[in-house]
Amino acid sequence: MTLFTFHGDLPSLLSRRYRPGPRVELLLGRRASVKDAVEALGPPHTEIGRLVANGREIGFEHLVLDREEIEVEPLRPPVDVRTPTTLRPAFPDIRFIADVNVGKLARLLRMLGFDTAYRNDLSDEECAATAERDKRICLSMDFRLLKRSRIVHGRLVRESDPLAQLREVVELYHLAGQMRPFSRCLRCNNLLEPVAKTTILSRLEPLTRKYYDAFERCPRCDRIYWAGSHREQMDKIITALAPEQP
Ligand SMILES: [Zn+2]
């Protein structure tokens, strides 16, 4: 038998038959990696921050032994994906891909300026492939998607309200100091570019034309942004997330 102990909120991710945890004894009939063994009990590998077997830190590929005691610890904030760990290689930058079940979260992350790939018709296969190719952190509420080995960094989003989800992600990855609000197109994730008011005058409503002088444009979809659009709502959200931000 192998004894697994799940720490933090990981017991809540155990499959029903192994709940409430936090300790689960398992007889493994064949040689299994610790990644496969833990995922068979419930939690996706993305949720694990550290693994210790009989007091020694191990990687996902470690083959589980009989009479071994394995401690399974959760990811603990702040998680910096740009620093390698025993479990995962580093990613060059903080970039996300959002699964179809967290679309509103994707839009909020874009509002804060974070590169967030999202399409509402993305299959699990495409989502995992994009996460691997672009080295993106995968955000999802789907256990099965996050168990795919092509996904290296990810988060099983715990909250259901989009604003609470945003707070969850901002806190986990310590994003408060890295926001660049209003720098990205909400529709297609592209960085916005300044555009001269004179060149878009005919596209503006009379009041917008009268009260605003600074405009930005998405080079991909041509949508125009200015201080009045979305900004008041977002200012409140940003202030709530990071009181030290202006
Ligand atoms: Zn756009």
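Numbering of ligands and ligand atoms starts at 1, following listing order.
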Inset, instruction - Please work out whether the ring planes of F96 and Y173 are parallel, tilted or perpendicular, with thresholds of 30° and 60°. - result: perpendicular
Legend entry - Test: E47 and K147 ion pair at under 4.0 Å: no
Anything under 3.5 Å between a donor and an acceptor, one on a side chain of residues 86-94, the other on a protein residue two or more places apart or in another chain? List them.
residue, atom, partner, partner atom, Å
T86, OG1, E57, OE2, 3.1
R88, NE, V152, O, 3.0
R88, NH1, I48, O, 3.0
R88, NH2, H45, O, 2.7
R88, NH2, I48, O, 2.8

Legend entry - Short side-chain donor-acceptor distance under 3.5 Å, E126 and S123: yes
Inset, instruction - May I ask you to decide whether E125 forms a salt bridge with R148, counting only side-chain N to carboxylate O separations under 4.0 Å? - result: yes
Legend entry - Distance filter under 2.8 Å, centred on the Zn ion (ligand 1) - protein N, O or S atoms that pass it: C185 SG, C188 SG, C218 SG, C221 SG
Inset, instruction - Could you please spell out the steps behind the salt bridge (charged side-chain N to carboxylate O under 4.0 Å, His left out) verdict for E39 and K35? - result: CA-CA 6 Å; E39 291 193 328; K35 173 181 180 290; 3.2 Å; yes
